[in-house]
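What you see below is based on every heavy atom in this structure, not just the backbone, and it leaves out hydrogens, waters and symmetry mates. As the structure is a prediction and not an experimental result, all values here were calculated from the model.
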Amino acid sequence: MKGNIYIYIFVAAFISYLIRILPLTFIRRPIKNRFIKSFLYYVPYITLAVMTFPAIIEATQSKISGIIALAVGIILSWFNAKLFPVACACCLIVFISELFLIH
């Protein structure tokens, strides 16, 4: 069983290495396709969103308070609030909702 873990680590490292090195070896010219450029532009934002949104809801004691805080954060961001006030408001909303709504 212990020998298998080294195989798993090697395979994970090899795949990670391939993902990073293959684009460097195959794409030598600047990318001119608008679709591919826009796709590559949005990949980091999509990845961050996919990791963040479930964590917002799951980090609280109840999913309801996480969803309420997410909604408040989206509304405040829609009205151009800065990151720090949005984060403070979301923390306050979670605190209040878990203090009064959830027992």
Side-chain angles (χ1 to χ4, degrees):
M1 189 66 161
K2 284 191 173 190
N4 288 341
I5 194 151
Y6 295 116
I7 294 171
Y8 298 147
I9 291 172
F10 174 75
V11 169
F14 182 71
I15 297 297
S16 180
Y17 178 74
L18 279 180
I19 290 171
R20 287 170 174 78
I21 202 68
L22 284 179
L24 293 174
T25 57
F26 290 126
I27 303 173
R28 300 217 182 249
R29 295 175 284 154
I31 299 171
K32 294 181 181 171
N33 187 326
R34 283 179 49 194
F35 176 77
I36 294 175
K37 284 176 81 169
S38 72
F39 174 78
L40 292 174
Y41 177 79
Y42 287 110
V43 165
Y45 299 110
I46 293 168
T47 305
L48 182 63
V50 166
M51 291 187 303
T52 304
F53 287 131
I56 291 171
I57 295 171
E58 297 291 328
T60 58
Q61 287 184 352
S62 80
K63 290 184 181 184
I64 295 169
S65 60
I67 292 170
I68 294 169
L70 177 63
V72 168
I74 290 171
I75 291 168
L76 290 175
S77 298
W78 185 266
F79 289 109
N80 295 325
K82 301 290 183 193
L83 178 62
F84 187 70
V86 170
C88 290
C90 290
C91 290
L92 186 65
I93 290 295
V94 168
F95 178 73
I96 291 171
S97 66
E98 289 189 356
L99 189 65
F100 293 113
L101 298 177
I102 295 111
H103 299 284

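No continuous path of hydrophobic side-chain contacts links Val94 to Leu99 [ILVMFWY only; heavy atoms under 4.5 Å]. Linking ILVMFWY side-chain heavy atoms closer than 4.5 Å, directly or via other members, places Phe39 and Ile31 in a single hydrophobic cluster. Put simply, Leu83 and Phe79 are part of two different groups of oily side chains (I, L, V, M, F, W, Y) that touch within less than 4.5 Å, one to the next. No path of Ile, Leu, Val, Met, Phe, Trp and Tyr side chains, each step under 4.5 Å between heavy atoms, connects Ile67 with Val72, placing them in separate hydrophobic clusters. Under the 4.5 Å side-chain heavy-atom criterion for grouping Ile, Leu, Val, Met, Phe, Trp and Tyr, Val86 is connected to Ile68 within one hydrophobic cluster.
To the nearest 0.5 Å, atom CD1 of residue Ile57 and atom CD1 of residue Ile64 are 11.5 Å apart. Atom CZ of Phe95 is separated from atom CZ of Phe100 by 7.5 Å, given to the nearest 0.5 angstrom.
Applying the side chain to side chain donor-acceptor pair (under 3.5 Å) rule to Arg20 yields the partners Ser16; only residues at least two apart in sequence or on another chain are considered. With sequence neighbours excluded, the residues forming a side-chain contact (heavy atoms from CB on, under 4.5 Å) with Asn33 are Phe35, Ile36, listed by chain and number. With sequence neighbours left out, Tyr42 forms a side-chain contact (heavy atoms from CB on, under 4.5 Å) with Tyr45, Ile46. Here Ile56 pairs with Thr52, Phe53, Leu70 under the side-chain contact (heavy atoms from CB on, under 4.5 Å) rule; sequence neighbours left out.
The salt bridge (charged side-chain N to carboxylate O under 4.0 Å, His left out) pairs that include a residue from residues 37-53 number zero, where partners must be two or more places apart or lie in different chains. Screening residues 57-74 for salt bridge (charged side-chain N to carboxylate O under 4.0 Å, His left out) gives Glu58-Lys63 as the qualifying pairs, with residues at least two apart or on separate chains.
A donor-acceptor pair under 3.5 Å links the side-chain atoms of Glu98 to the main chain of Gln61, judged by distance alone.
The two residues Leu76 and Ala89 have their closest heavy-atom pair at CD1-CB, 3.4 Å. Between Gly66 and Thr60, the shortest heavy-atom contact is N-OG1, 3.5 Å. Annotation for Cys90 and Ala69: closest pair SG-O, 3.2 Å, computed over non-hydrogen atoms.
Crowding of Ile9 atom CD1: a count of heavy atoms from other residues, nucleotides or ligands under 6.0 Å exceeding 12.
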Please test Thr47 against Val50 for side-chain contact (heavy atoms from CB on, under 4.5 Å), starting from the C-alpha separation and ending with a verdict. CA-CA 5 Å; Thr47 305; Val50 166; 5.8 Å; no

